[in-house]
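When reading the values below, keep in mind they use all heavy atoms of this one structure, side chains included, and skip hydrogens, waters and symmetry mates.
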Amino acid sequence: MKRWKRKYCILILCLAGCLALEGGQRGLLICKANQSQTEAMGKKGEEGIQGALAEGEGNQGVSDNGSMAWFAIDNQNCYEGMDKSYSGGYLPRIEGKRVEVVLPLLAKRKLSQNRVNVSLRFGESENLPFIQKNYEKAFSYAYHKTGNPEKLSGCYLISFDLELKKEYYNGNYPINLTVSAEDEAGDEISQEFTVYVTLTNGKQQGGDESQGTVDSGSAAYFSIDNQNVYSGMNKCYSKGYVPKVRAGKVLLLLPLQAKRPLPKKQLTASVRFGETQNLPFVHKNYDKVIRYGKHKTGIRGKKAGCYLVSFDLTLKRDYYNGSYPVTVAVTAQDGSGAELSQEFTVYVSLTGGKQPEGDTVRAAGENQPQFAPKVRVASCQFPEKTILCGKEYKAKLTLLNASKTSPVKNMLVKIVPSENVELADATGSSYVDYLDSGKTCTISIALRVKAAAPSGQYDIGVTMDYADQKGNPYTMEEMVKISAEQKPQLEIAPIGIPREIEIGETLQLQAQAMNLGKGKLYNVRASLEADGLTSSGLAFIGDMEAGTSMNGSVELTAEGLSGDSLYGTTQGKIIFYYEDEQGKQMTQEQDFETSILSPLKSEENNTPTDDTRQWWIIMGVIAFCLVQAAVLFVYRRKYLAAR
């Protein structure tokens, strides 16, 4: 029994040893695999960075932004919307309640679809001057105009319009721009830039001798004195301060004000650079204690109190030109012992070093893209202000060669009318032999809008085929819009007003109107004007479609003429008002005449009058009867006597 137990124990120990040995080998294999994978990733990342720097799209005088720099600021060129280049101390332009932020960027590696996505965010501050909105845009690589009219420069020209609040405090406010894109390998790249906006037309903030100081955004415990020029500064921060470069060193000055009382009247400032291959500064430990003091300013004999942060940054012997961000971190303790910390970014512009290599860096005019001369329609003038449907017009079409350098030749201009527009010319085309740069020419076109076309806007296509001075053919298509109207045609039926009206009599009149035009008429109504006659108001007919007839009624009362006599003949008119489809009001009139009579004269006319001729007739009849009676009486006596 003991032998079986010993054998069983030995068997278990052997199995455990085998399992342990196998596990160790597997662990060794996994460690080796992870190590090789890590080395491969490190090599790939290193190759990617080196390839990006080798293939970069950086422009002349453009620098790395620090950290992992996939993009660089074009600090040499001044683009539209900019008063200065970044190397000259660019400040965002402020017009009214709007701030225009411009950031020209160049990519250091090729990007998918040559497009970047940019989002903008503000610091979290109670005194934030901007209206919070969702700012996010996509920008494509393109060539843009610079301060040199003969030079175009390619970049990703990022531009945002920021809206200011009605009331805000003066200061330097940081705007954080996050740029993201996808390179050709499908990898996501991202980088942040900070642009400062200087506001001077708002309210002044209170604080520790803070007149002329500004909020720096985010959790703002300190603010930059952006109004004063201290010794060693060429400009104040509100005018675009740029650190001075002399004898291989950069003098960086940052005048700060504390927004909370500091018991010791001191703060600690340190400098941090971005981790980049082309960093121009010699790495050192820059850390200082800065005490509050009164310092001379550019104004005669005036001193201003501040924490004047000052660093001398040593440059390398060989460095590349560009704009380099330097981050100054400030820490201090307030009266309650709370730790206060804030960061500021100051850009250093270097121009005395090497030019960075890059595929998109070109001297002015060197391998510049050739742009086609643009011929466009400058104007289209008609002899009449209002264009009526069905009527022929001769218009003058003015063409402009918008190019400043290249003339065009052998230009054929074709007019392509749209539906309901027809040409009155036989061909509808014109020929221009030569049009110099910046010049115009005029051609005539004859056309009409069809008589049955409704009122509205119609398109006229203009196609221009031409060649530049080297014989390269081009085609430009433009569109001219014209507005045509239907002529209103309102027919009014005669209104039956009696020739005589007694004073005090009220009549019901019917007004009938017929729309014989092609367009709709609006608010058709009629009113009556006549001395001695009063209407109950307007006879409202309403809106009339084309080809319809409608009626309106109004009561008319005779109240007597003005002047010495209430009775007599009066003349008046019925006025019809209406609007066409463009809202233009029109009128039509109908004249009438009637007599106002007295009701007493009418009664006198109705009273019967005596006729004297009837008396003589009666008397004749009576006489005739008497004569007959006398004759009968004589005849009867003779007859009786004879018997």
| query | Excluding sequence neighbours, so at least two apart, what forms ring pair (Phe, Tyr, Trp, His ring centres under 6.0 Å) with Phe281? | reply |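 Here the qualifying residues are Phe273.
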
Counterpart residues, side chain to side chain contact (heavy atoms under 4.5 Å, CB included), relative to [X] (two or more places apart):
X: Gln333; value: Glu339
X: Asp183; value: Arg109, Ala185, Asp187
X: Gln266; value: Lys264, Val289, Arg291
X: Gln113; value: Arg115

| said: Determine whether Trp70 and Leu111 satisfy the following criterion, side-chain contact (heavy atoms from CB on, under 4.5 Å), listing intermediate values before the conclusion. | reply: CA-CA 10 Å; Trp70 309 114; Leu111 303 183; over 6 Å; no

| query | Side chain of Thr297, backbone of Lys302: donor and acceptor closer than 3.5 Å? | reply |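 Yes.
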
| said: Before you tell me yes or no, could you show the steps for Tyr86 and Tyr347 under side-chain contact (heavy atoms from CB on, under 4.5 Å), namely the whole-Å CA-CA distance, both residues' side-chain angles and the distance that decides it to 0.1 Å? | reply: CA-CA 9 Å; Tyr86 269 78; Tyr347 282 89; 5.9 Å; no

Would the number of heavy atoms belonging to other residues, nucleotides or ligands and lying under 6.0 Å from [atom1] of [X] be above 12?
X: Lys584; atom1: NZ; answer: no
X: Lys145; atom1: NZ; answer: no
X: Glu167; atom1: CD; answer: no

| query | Going by atom types only, do Asn77 and Ser153 share a side-chain donor-acceptor pair under 3.5 Å? | reply |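 Yes, Ser153 and Asn77 have a side-chain donor paired with an acceptor closer than 3.5 Å.
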
Please round to the nearest 0.5 Å and tell me the distance separating atom [atom1] of [X] and atom [atom2] of [Y].
X: Leu199; Y: Tyr169; atom1: CG; atom2: OH; answer: 13.5 Å
X: Ser159; Y: Glu80; atom1: OG; atom2: CD; answer: 10.0 Å
X: Phe193; Y: Asn176; atom1: CZ; atom2: CG; answer: 12.0 Å

Mind checking whether [X] and [Y] have side chains closer than 4.5 Å, heavy atoms only?
X: Phe130; Y: Leu164; result: yes
X: Ser437; Y: Thr405; result: no
X: Met464; Y: Glu478; result: yes

| field | Where at least one partner belongs to residues 240-254, residue pairs that pass salt bridge (Lys or Arg N to Asp or Glu O under 4.0 Å), sequence neighbours excluded | value |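 For residues 240-254, and leaving out neighbouring residues, there are no salt bridge (Lys or Arg N to Asp or Glu O under 4.0 Å) pairs at all.
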
| query | Hey, what's the ring geometry for Tyr237 with Tyr241, parallel, tilted or perpendicular (30° and 60° as the breaks)? | reply |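 The arrangement is tilted - the two ring planes meet at 30° to 60°.
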
